[in-house]
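One structure is given below, encoded as structure tokens.
These numbers come from the heavy atoms of this one structure, side chains and all, not from hydrogens, waters or symmetry mates. In what follows, chains carry the letters A, B, and so on, assigned in the order in which the sequence lines appear, proteins first and then strands, with residues in each chain numbered from 1. Everything numeric in this text was worked out from a predicted model, so none of it was measured.
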Amino acid sequence: MSNLITPRTLRGFRDFLPEVMIPRERLIETAKQVYRSYGFVPIDTPALEYSEILCGKGSEETDRQMFRFDHGKHDVAMRFDLTVPLARFVAQNANELGMPFKRYHIAPVWRGERPQAGRYREFIQCDFDTIGTRSIASDIETGLVIYDLMRAIGFEKFSIRVNNRKVLNGLLEKSGLAESSVPVLRALDKLPKIGREAVAKEMQESTSATESQVDEILKLAEVKGSNEEILKQLEPLCVGNELAEEGLSQLRAVVEAANTVGITDANLQVDVSIARGLDYYTGTIYETFLDDLPTIGSVCSGGRYDNLAQLYTKQELPGIGASLGLDRLLAAMQTLEMLPATRTTADVMIVQFSKDHLQSYLTMASQLRAAGIKTEVFPDAKKLNQQFKYADRRGFDAVLIAGDDELAAKKVQVKWLSDGSQTELSTEGGSLELINFLGNKLFESQDDNSLGQRVWDGVKWVWKKLW
RNA sequence: GUGGCUGUAGCUCAAUUGGUUAGAGUACUGGAUUGUGAUUCCAGGGGUUGGGGGUUCAAGUCCCCUCAGCCACCCCA
């Protein structure tokens with residue numbers, strides 16, 4: 001017996017225990033509901049693709065991060081995001097899909113990065129994209145989806161930072177730095193982190209930019225204030241450059257539309273320093289930070305691109321999309337103690353008083369389930385205190401007790417674990433009285449009309465609507 | 001991929017600085033309690049001190065390698 005294999009997982013890969021998996025599934029369910037509420041439809045693609053598909057862009061960085069290997073005669077790789085597979089997917093299926101095409105895709109991706117808190121080698125991305133339109137309406141909608149997502153998950157204090165690459169690129173053009181836009185933007189992105197001096201230094205070291213050119217760009221750093229004030233200050237900087245002016249008007253359109261639907265400056269801010277993301281962004285860009293935990297980084301980001309699938313088709317496919325960082329968000333929610341300590345997926349547990357009554361318990365359970373109340377029957381006729389302890393530790397809302405006396409009288413005791421209150425109810429007529437009682441208690445929180453409550457407990461809400 | 005910090009029971013930490021059989025709290029299983037989840041008391045299971053090698057009469061403790069986690073780069077969700 002000494003040659004047992006040590007159970008272990010690869011660096012950056014992890015197991016998920018029920019108490020982690022339950023909120024994880026809830027989060028995914030929430031994201032799907034928000035996406036569907038805008039008409040996005042689901043797709044899926046393979047985890048493995050031909051390397052030439054995934055490496056097409058050929059950036060050394062993504063190459064280094066990709067899990068890649070030979071399988072027989074084929075050079076294959078695991079997808080490191082969902083956008084490149086989407087490009088291939090759309091190029092291959094464009095005729096059947098029709099444009100515009102709005103899809104969501106929730107699936108794992110793999111990157112050979114060095115792991116850190118909230119950063120893993122296998123993680124889930126929750127992407128949504130709108131392909132085949134240049135309309136500003138899609139840029140606006142993308143911001144609204146991000147807002148609804150964050151609210152539905154339960155956040156109120158978050159900042160969606162919005163910017164437009166055209167503003168940045170226009171300003172670079174204006175100051176004669178169009179050639180070295182990538183290193184300049186990369187440095188600019190670090191502005192809030194390392195400060196103006198260090199950014200200026202990095203720009204001069206990594207490009208041929210002169211001090212005055214760098215100064216010109218870093219004027220952006222001085223742009224501060226409310227969204228309205230920032231837009232005003234940008235005007236003189238952009239004037240005279242067609243690209244920058246176009247970007248500015250798009251930025252203004254996004255902000256104004258968001259304000260119209262009630263999103264305030266508290267949750268959406270113009271931030272001219274955000275530039276990040278892959279080189280292919282060409283218009284509106286979004287980043288989302290948690291006010292209470294900004295160090296975790298962006299939890300939802302994306303932007304507009306001119307031509308998604310140019311590597312795979314001659315058809316020009318513009319689009320915009322964003323991605324929710326589910327694992328990072330979950331890590332943040334854990335440190336912010338936003339996750340309930342539930343280790344069960346059921347609402348109530350039926351105590352097994354004696355195995356002779358198993359039939360009665362199973363009948364009661366299926367009546368409850370048919371009414372939408374998730375019910376578990378304890379498998380053994382163990383001592384009551386042990387069954388109660390189990391129910392308590394797992395986080396059931398209520399325990400149902402029916403011994404000889406109750407069953408003879410067609411009754412059941414309902415004990416509410418949060419306050420210890422106990423109520424005797426009738427099980428006659430298909431347990432209607434019991435179901436009504438449990439339904440009212442379990443779903444009363446649904447009177448809360450916030451989007452978060454509605455979507456978070458979507459299933460319960462639907463149940464109540466039908467009832 | 002580069003540089004650094006850390007690693008003792010499921011979790012949080014002890015172990016007189018190299019000295020005998022690695023302890024405690026908590027969690028888990030059972031009992032006290034054959035109709036009721038806090039608490040209390042009792043008992044039990046659980047460790048090749050992350051893994052391998054070396055120095056030494058003697059290693060959880062010192063050295064090397066390796067694995068994993070974390071931090072800063074890189075990049076990004």
**Request:** Indicate yes or no for a side-chain donor-acceptor contact from Y312(A) to the backbone of V90(A) under 3.5 Å, with no hydrogens or angles considered.
**Result:** no
Quick one: does [X] reach the base of [N] with a side-chain donor-acceptor pair under 3.5 Å?
{"X": "R111(A)", "N": "C76(B)", "value": "no"}
{"X": "K383(A)", "N": "G35(B)", "value": "no"}
{"X": "E406(A)", "N": "G35(B)", "value": "yes"}
{"X": "E113(A)", "N": "A77(B)", "value": "yes"}
{"X": "R119(A)", "N": "C75(B)", "value": "yes"}
{"X": "Q413(A)", "N": "U36(B)", "value": "no"}

**Prompt:** Could you state the NZ-C1' distance from K193(A) to C74(B), rounded to the nearest angstrom?
**Reply:** 10 Å
**Prompt:** Rounded to whole angstroms, how far apart are CZ on R393(A) and C1' on G10(B)?
**Reply:** 14 Å
**Asked** If you write RNA chain B from 5' to 3' in dot-bracket form, with Watson-Crick or G-U pairs under 3.5 Å, [ ] for crossing pairs and | for pairs with another strand, what do you get?
**Response** (((((((..((((.....[...)))).(((((.......))))).....(((((..]....))))))))))))....
**Request:** Answer yes when D380(A) and K355(A) have at least one side-chain N-carboxylate O distance shorter than 4.0 Å, and no when they do not.
**Result:** no
**salt_bridge(K102(A), E141(A)) N-O dist < 4.0 Å** = yes
Rounded distance in Å between the [atom1] positions of [N] and [M]:
{"N": "G1(B)", "M": "G53(B)", "atom1": "C1'", "result": "28 Å"}
{"N": "A59(B)", "M": "U26(B)", "atom1": "P", "result": "33 Å"}
{"N": "G19(B)", "M": "C75(B)", "atom1": "P", "result": "48 Å"}

**Asked** Side chains of D129(A) and Y305(A): do they bring a donor and an acceptor to under 3.5 Å?
**Response** yes
**Sugar-phosphate only, base, or nothing, as touched by N385(A) at under 4.0 Å among non-hydrogen atoms** = base
**Prompt:** If you measure from the ring centre of F123(A) to the centre of the six-membered ring in the base of A77(B), is it under 5.5 Å, with the planes under 30° apart?
**Reply:** yes
**Asked** Is the CZ atom of F16(A) crowded by more than 12 outside heavy atoms at less than 6.0 Å?
**Response** yes
